[in-house]
Amino acid sequence: MRDFIITEIRIDNFRSLADVWVPLRKQTVLIGENNSGKTSFLDAFALVFAESEARFSADDIFLEADRSLAPRERKACVDIRIEPAGDEKEFKDETRGFFGDAIQLGKGDERDYIAIRAELGWDKNREEYRRSRSFLKGWARKKTEAVQIQILTRPTFRREFLELFPFYYLDAKRDIQDQLHARQSFWGKLASDLQLDDDIQKKIEKALYDVNELIRSKSPVLAHLRKRLEELYRTVASEQSGVQITPLPQQLRDLVRGMDVLFKTHDAHAFPLSRHGMGTRSMAALLVFHAFIEWQLKRSREITPLPIVALEEPEAHLHPHAQRALFDQLAEIDGQKLISTHSPHVVSHAQLFDFVLFRKNGSETKVSMIPEKNHDGSDFLEPEVAHKVYSFVQIQNTELFFSRVMVLFEGPTEQNALPVFALAYFKRRPDSVGISFIPADGVGNYDPFLKIAEKLRMPWVILTDSEPEALKQLAKCFQKAGLERASFNTQIVEFPTGQDFERYLITSGYGPEIESVIAEQFGVNALQNFKNKRQAQPGNIFDYNAPGGHENALNDFMDSRRHSKTFFGRYLAEKIVSTRTGDDRIPEKLRELFSKVDQLCKQVY
């Protein structure tokens, strides 16, 4: 059993990661917009664990937006905390003997730990940025405290320590085609040493020699080529001794250059992987890496290494169903994994507490995550709330995790109408600026969204009915989420008293557009037939001829067609936007909503 795991990382002044602390799990999932700092986070591990420092330079030092060069005295710093795995408080004897005085004793209930610091700073003598690595006597999560921690002079950081933390980086461009013929690829490292007995190897190489001789002796084409190639001696100053053509590798170790993998689907011919699409080739490269890790860990060692696997967009080129299956395959790879993803399908299968959300504020990245426990040790999400979060947020509305701003509302009419109005307001698709419209499927279901959004520091706005029961349920949601309703008034847009979305459109003068959509979608006589049928009912409680009766008929008709609201909302919004002009193209309350959204999109994080 493995003895240790990396539990925390603190990063200072490394690219956009000016001041970041992140708790780590066995599988940490990085989410966020492009250029938000996820790749830099993966590269921070390389600063600590990669053997070569050639990839690092002045470009890796944090730079404020108003500066062209970072000050020479500024260093990029990455601290790693390593603790015993599982519930153990102490490292095993073998680990203690290997790391010696680098192991720090935990205080109270704290576990023992090892702290490693990698720094990238300017070397005056060499006039270039160089990396240094050392052990720390202490640990701090805050930047102001971290700079005060003492660096241990003994033990010094040696290359042998890295053997316990092999670091692997698989970027989004991985391709099995590139691996098949490269000696230093994962495929090449495995296939170049087939671990055959000497006798077997000699027999194979003898057979290869015989096959080569047979081909050379029987092929007129090769004989012709050889004759022409022997003319090299007419221009190359050397003694003539003959040209040899080897159709096949003559030594077993060279077979890797000619190896290939054929892949056959059901009822189809087998083709080389190089002839398949990028999705298959990318996945094959990931599986070869998995095989490489398994083979490496089979070696007998006194201390079992902890592979650190950085995976950038493992879902690249894969079909959505394949992306869902992918996560289980990733979980089977041994080691501690850091997964950067843009896939809602991957996110829907991960543990909620594995997420780290990256957001860019100017030149600086900020991170947030959802804790498993509160400060007092209680569960952050009670079982009932955790179920709602999983159902309503992680499964049904995964796009929340990729939003810049989320707009919450109650039902299907808003869900289909709001994107149309937003397009007219912003002059571009709302999703292109990171706006997500998320139905809560009822006014009483806002609490899981609010709880997650507040913890991830994700801006939000609620568009709500102002009917008494709706406002009562909204207040309960804030209470369940542990938030004060009065503190968030600026983030809530209410329709006028007693009105829902449909009634608001009617009272705002959009009745003609509603009538037009009803006629187009249900027939020119649909509304009148509806009125006649209702008014013919016993008791005649529906008086559509009284003042305001026509507006009531429009509202009642839409309520009676709740199953049609999905498409009705979109058609109605498109009708209003296409027939009205000026500010009338967007109802006033929606302009208020979009103004708030626009401000939040531009807001400093």
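- The backbone N or O of Arg216 lies less than 3.5 Å from no partner atom in the side chain of Ser219, so there is not a single donor-acceptor pair.
- Salt-bridge check for Asp60 with Arg55: failed, with every basic side-chain N at 4.0 Å or more from each acidic carboxylate O.
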>> Glu163 vs Arg301, test: salt bridge (charged side-chain N to carboxylate O under 4.0 Å, His left out). Steps then yes/no.
In response: CA-CA 11 Å; Glu163 295 178 2; Arg301 296 178 176 90; over 6 Å; no

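- A donor-acceptor pair is defined here as one N or O able to donate and one able to accept, closer than 3.5 Å; no such pair exists between the side chain of Thr246 and the backbone of Pro249.
- How far CE of Met406 is from CZ of Phe401: 9.5 Å, rounded to the nearest 0.5 Å.
- Under the ring-ring contact (aromatic ring centres under 6.0 Å, His included) test applied with Phe41, the options Tyr169, Phe14, Trp21, Phe358 reduce to a single match, Phe358.
- Lys75 contributes no side-chain N or O that, together with a main-chain N or O of Asn13, makes up a donor-acceptor pair within less than 3.5 Å.
- Using a distance-only test at 3.5 Å, with no hydrogens or angles considered, a donor-acceptor pair links the side chain of Asp3 to the main chain of Lys92.
- Atom CZ of Phe157 and atom CZ of Arg133 lie 5.0 Å apart (nearest 0.5 Å).
- Here Tyr113 and Phe91 keep their ring centres 6.0 angstrom or further from each other.
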>> Before you tell me yes or no, could you show the steps for Met458 and Leu400 under side chain to side chain contact (heavy atoms under 4.5 Å, CB included), namely the whole-Å CA-CA distance, both residues' side-chain angles and the distance that decides it to 0.1 Å?
In response: CA-CA 9 Å; Met458 182 178 294; Leu400 177 154; 3.8 Å; yes

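- A side-chain donor-acceptor contact under 3.5 Å links Gln394 to the backbone of Val347.
- A salt bridge links Glu33 with Arg404: the closest approach of a Lys/Arg side-chain nitrogen to an acidic carboxylate oxygen falls below 4.0 angstrom.
- The minimum heavy-atom distance linking Ile339 with Pro314 is given by the pair CG2-CG, 3.7 Å.
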>> Using the rule given for side chain to side chain contact (heavy atoms under 4.5 Å, CB included), can you reason through Lys189 versus Gln296, listing the C-alpha separation, both sets of side-chain angles and the distance that settles it, and then say yes or no?
In response: CA-CA 10 Å; Lys189 289 176 181 178; Gln296 290 292 100; over 6 Å; no

> When you look at Leu352 and Ile452, which way does the side chain to side chain contact (heavy atoms under 4.5 Å, CB included) test go after all the steps?
Replying inline: CA-CA 10 Å; Leu352 190 67; Ile452 296 302; 3.9 Å; yes

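- With respect to the salt-bridge test (charged N to carboxylate O, under 4.0 angstrom), the residues Glu230 and Arg226 qualify.
- His321 pairs with exactly one of Gln323, His319, Arg324 by the side chain to side chain donor-acceptor pair (under 3.5 Å) rule, that one being Arg324.
- Across every non-hydrogen atom of Ala310 and Leu42, the tightest pair is CB-CD2, 4.0 Å.
- Panel note: side chain Thr365, backbone Ser36; a donor-acceptor pair is recorded below 3.5 Å.
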>> Working note: His290 + Asp334, criterion side chain to side chain donor-acceptor pair (under 3.5 Å); need CA distance, chi angles, decisive distance, verdict.
In response: CA-CA 8 Å; His290 190 177; Asp334 201 352; over 6 Å; no

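- When side chains are defined from C-beta on, Pro371 does not count as touching Phe353, because their heavy atoms never get closer than 4.5 Å.
- His276 places a side-chain N or O within donor-acceptor distance of the main-chain N or O of Phe263, the cut-off being under 3.5 Å.
- Inter-residue side-chain proximity for Ile5 and Ile82 is flagged as unmet; no heavy-atom pair is nearer than 4.5 Å.
- The heavy-atom pair separating Pro166 from Pro305 by the smallest distance is CD-CB, 4.0 Å.
- Looking at Arg81 and Glu83, a side-chain N of the basic residue comes within less than 4.0 Å of a carboxylate O on the acidic one, giving a salt bridge.
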>> Please evaluate residues Phe4 and Phe165 with respect to the criterion ring-ring contact (aromatic ring centres under 6.0 Å, His included), reporting the C-alpha separation (whole Å), side-chain torsions for both, the decisive distance (0.1 Å), and the verdict.
In response: CA-CA 10 Å; Phe4 38 75; Phe165 302 94; 5.2 Å; yes

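- Relative orientation of the Phe186 and Phe292 rings is tilted, given thresholds of 30° and 60° on the angle between their planes.
- Residues Ile61 and Leu120 are in side-chain contact: their nearest non-hydrogen atoms beyond the backbone lie under 4.5 Å apart.
- Residues Leu222 and Ile245 share a closest heavy-atom pair of O-CD1, 3.8 Å.
- Closest approach of Met259 to Ala191, counting heavy atoms only: SD-CB, 3.8 Å.
- Distance alone, capped at 3.5 Å, is enough to place a donor-acceptor pair between the Asn212 side chain and the Leu248 backbone.
- The closest donor-acceptor contact from the side chain of Glu53 to the backbone of Leu47 lies at 3.5 Å or more, if one exists at all.
- Side-chain contact between Thr28 and Lys337: absent, with no pair of heavy atoms (C-beta onward) separated by less than 4.5 Å.
- Within the model, atoms CD of Glu313 and CG of Asp171 stand 9.5 Å from one another, a figure rounded to the nearest 0.5 Å.
- Counting heavy atoms from C-beta outward, Pro439 and Asn397 have side chains that approach closer than 4.5 Å.
- Residues Glu312 and Lys38 are not paired through a salt bridge, judged by the lack of any N-O separation under 4.0 Å between the basic side chain and the carboxylate.
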> After noting the C-alpha distance and the side-chain angles of Phe49 and Ile6, does the key distance pass the side chain to side chain contact (heavy atoms under 4.5 Å, CB included) rule?
Replying inline: CA-CA 12 Å; Phe49 295 111; Ile6 303 171; 3.9 Å; yes

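- Between Val78 and Phe45, every side-chain heavy-atom pair lies at or beyond the 4.5 Å cut-off.
- A centroid separation of 6.0 Å or more is found between the aromatic rings of Tyr129 and Phe56.
- Looking at Lys202 and Glu205, no side-chain N of the basic residue comes within less than 4.0 Å of a carboxylate O on the acidic one, giving no salt bridge.
- Salt bridge Arg15/Asp43: present, at least one basic N to carboxylate O contact under 4.0 Å.
- Taken to the nearest 0.5 Å, the CZ atom of Arg25 stands 4.5 Å off from the CG atom of Asp354.
- Under the 4.5 Å side-chain criterion, counting only non-hydrogen atoms from C-beta, Leu338 is in contact with Leu24.
- A salt bridge is absent between Glu213 and Lys218: the closest approach of a Lys/Arg side-chain nitrogen to an acidic carboxylate oxygen does not fall below 4.0 angstrom.
- Salt-bridge formation is detected for the pair Glu160/Arg158: a Lys NZ or Arg NE/NH1/NH2 atom is positioned less than 4.0 Å from an Asp or Glu carboxylate oxygen.
- Glu94 contributes no side-chain N or O that, together with a main-chain N or O of Glu302, makes up a donor-acceptor pair within less than 3.5 Å.
- Note on ring orientation: taking the six-membered ring where Trp is involved, the planes of Phe135 and Phe99 are perpendicular (angle over 60°, cut-offs 30° and 60°).
- Using modelled atom types and a 3.5 Å distance limit, the side chains of Ser16 and Glu364 yield no donor-acceptor pair.
- Distance CG/Leu287 to CD1/Ile176: 8.5 Å, rounded to 0.5 Å.
- Pairing each heavy atom of Ala85 with each of Arg2, the nearest pair is CB-O, 3.6 Å.
- Atom CG of Asp79 sits about 4.0 Å away from atom CZ of Arg117, to the nearest 0.5 Å.
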>> Between Arg141 and Glu8, is the salt bridge (charged side-chain N to carboxylate O under 4.0 Å, His left out) condition met? List the steps.
In response: CA-CA 9 Å; Arg141 294 177 178 178; Glu8 301 176 37; 3.2 Å; yes

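- By the 4.0 Å N-to-carboxylate-O rule, Arg281 lies close enough to Asp175 to be salt-bridged with it.
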